[in-house]
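All heavy atoms count here, side chains included; hydrogens, waters and symmetry mates do not. Below, read A as the first sequence line, B as the second, and so on, with proteins coming before strands; counting in each chain starts at 1.
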Amino acid sequence: MTIEKKEQEHRLHDLKNVNGPVVMRMAPSPSGPLHLGHSRMAILNDEYVKRYGGQLILRIEDTNPQNIDPVAYTMIPEDLKWLNVNVTQIVIQSDRFELYYEKARELIRKRAAYMCTCEVDTFKELLMAGQACPHRDIEPESNLEKFQEVVDGKNRDASPVLIIKTDIAHPNPSVRDWIAFRRIKGTHPRTGNKYSFYPMMNFSVAIDDHELGLTHVIRGSDHISNTEKQKYIFNYFGWKIPEYFHYGNISIPDSILKTSIIKKGIKEGIYSGWDDVKLQTICSMARRGYQPETFRKYWIDSGLREVNAEFSWDIFNSINRQFIDSGADRYFFVKNPVPIKIADSPEVMSRIPKYQGKPERGFREYMIKASSELFITREDLENIKDGEKIRLKDLFNVRYNEGTFRFSEIEPSKEKIKIIHWCPSESKPFKVERPDGSFDEGVLEPQGIERNGIFQFERYGFVKKVSGEFGIYIHN
RNA sequence: GCUCCGAUGGUGUAGUCCGGUCAAGCAUAUCGGCCUUUCGAGCCGACGACCCGGGUCCAAAUCCCGGUCGGAGCACCA
């Protein structure tokens with residue numbers, strides 16, 4: 001009997017209620033460029049649109065002028081392009097304020113929304129007690145008037161809000177009569193000072209999800225109660241509610257993802273910019289040598305569950321390794337180099353394959369003079385025992401005795417001995433930046449100097465080489 | 001305060017909706033071996049899991065109830 005292993009490909013589960021093409025969206029706020037966490041929703045949405053056909057809308061949610069960094073308007077589409085996410089339409093919410101106002105007026109006329117000028121604390125207290133605020137039953141005409149006044153920017157001193165009527169006794173207090181618009185001070189990067197009464201995310205999202213014809217919305221579990229709130233809008237208008245799926249949040253260890261912290265860090269010089277190696281922004285990870293395919297495979301493999309999970313750098317790096325390994329020629333980089341002299345060695349030509357098992361890729365060749373000086377890492381030197389024989393990879397064997405290396409033989413030993421890498425004396429200084437911002441300093445073999453790109457430095461790790469003297473560590 | 005969700009090996013997951021093909025798949029980690037020279041890449045192999053209790057059923061990782069544990073979110077950010 002032969003046991004056949006069934007090859008199981010990781011596959012995202014199907015979406016519910018798919019009838020024909022889907023319309024989906026991703027909706028980042030433009031507080032900065034996209035990061036690793038964002039890439040998940042982008043790729044997952046993209047995968048489903050690829051599966052079913054349809055539209056993928058990028059909707060930039062810039063309805064809070066205090067939370068916008070203008071660079072995001074250009075960086076977000078670039079990040080998505082790099083991730084190979086196929087956006088079919090871009091919608092910017094700040095283009096649509098008039099639409100939101102119009103829908104708000106309709107809701108006021110339906111007695112589904114009202115203007116309120118209660119103090120924040122008073123309003124909250126009433127809500128917690130399940131009591132209506134005195135403004136709740138004011139006639140639509142009066143509300144429309146007040147709404148228009150605020151939209152027109154009159155009565156600057158008060159802090160009016162537009163509230164959506166839901167259920168004042170709803171078991172979840174946060175679902176009870178929620179705020180749809182509030183006044184925000186500050187200049188909007190795209191609309192300037194034209195508007196000051198801004199829609200809350202729950203309002204603009206509900207309107208746009210309908211107006212843009214969304215069929216399926218997948219988003220984080222942090223939106224569960226928002227979905228409930230937004231459904232009130234759909235019901236007031238009699239709109240068809242999209243199919244929602246809420247996935248669990250992924251916590252990404254050892255990462256800095258909060259744009260506010262990143263911006264502060266950039267200002268203070270802790271980070272060199274959005275693409276600083278210490279950050280997990282898409283632009284940084286791209287610069288560091290991560291591949292777009294890695295993001296996609298990782299997120300598909302992780303699946304789409306309602307449970308929260310933890311991101312695994314081990315697995316992510318392992319996937320990336322699969323994508324970069326075959327393209328990465330090997331070179332010797334000796335970190336913390338120590339020059340050693342080999343006694344009694346003959347002149348030898350060392351011929352090292354650029355890629356093990358693929359001679360067609362070529363060789364690195366070095367003529368090593370008799371009794372030459374070479375570099376090895378301090379770590380290797382410290383670990384050599386007196387009397388030990390070791391192999392200098394693709395060169396010859398040496399024996400270490402009382403502080404001196406003596407040539408032993410060219411042919412590889414039959415017995416197992418330690419194999420270490422080395423660099424010829426004419427190697428050049430080279431620096432590698434680590435993901436924590438520290439630097440490894442050493443020497444790189446001469447033939448590795450000219451070429452830039454992704455390489456594996458043997459026994460060290462994969463490095464994205466950006467110049468003749470500098471590279472960025474990717475992972476081992 | 002309230003609402004919601006989940007529990008599969010060290011880690012990340014597939015399977016759970018529609019119970020049998022699951023004596024549980026994949027990946028990663030670890031360990032071992034192999035590449036007639038990478039301790040760190042690659043290839044091969046091994047190890048290793050269905051939270052607990054009860055119920056339904058011929059049959060439960062899968063359905064129901066209880067418990068325990070864990071997580072998340074919300075109240076003028078998105």
ask   = Which one is paired to rU13(B), where only Watson-Crick or G-U wobble pairs with both distances under 3.5 angstrom count?
value = rG25(B)

Selected nucleotide, minimal atom distance to [X] side chain, candidates [options]:
| X | options | answer |
| --- | --- | --- |
| Arg321(A) | rA41(B), rA27(B), rC76(B) | rA41(B) |
| Asp314(A) | rC76(B), rU28(B), rC74(B) | rU28(B) |
| Asp325(A) | rG12(B), rA41(B), rA78(B) | rA41(B) |
| Ser302(A) | rG12(B), rA78(B), rC76(B) | rG12(B) |
| Arg182(A) | rC74(B), rC76(B), rA27(B) | rC76(B) |
| Asn172(A) | rG12(B), rG73(B), rU28(B) | rG73(B) |
| Asn67(A) | rG12(B), rC77(B), rU28(B) | rC77(B) |

[X] vs [N]: side-chain N/O to OP1/OP2 distance below 4.0 Å:
| X | N | result |
| --- | --- | --- |
| Arg219(A) | rA78(B) | no |
| Gln66(A) | rC76(B) | no |
| Ser159(A) | rC76(B) | no |

inquiry  = Going by side-chain hydrogen bond (donor to acceptor under 3.5 Å, both in side chains), name the residues that satisfy it together with Asp394(A), two or more places apart in sequence or in a different chain.
reply    = none

ask   = When you compare rC17(B) with rG53(B), how far apart are their C1' atoms, in angstrom units rounded to a whole number?
value = 25 Å

note = Ile315(A) CD1 to rA27(B) P, in whole Å, measures 11 Å

message = Over all strands shown, is Glu411(A) touching base, sugar-phosphate only, or nothing at heavy-atom distances under 4.0 angstrom?
response = nothing

task = Please list, chain by chain and in numerical order, all residues satisfying ring pair (Phe, Tyr, Trp, His ring centres under 6.0 Å) with Phe203(A), sequence neighbours excluded.
result = Phe181(A)

remark   = Value for NZ (Lys354(A)) from CZ (Arg451(A)), rounded to nearest 0.5 Å, stands at 5.0 Å

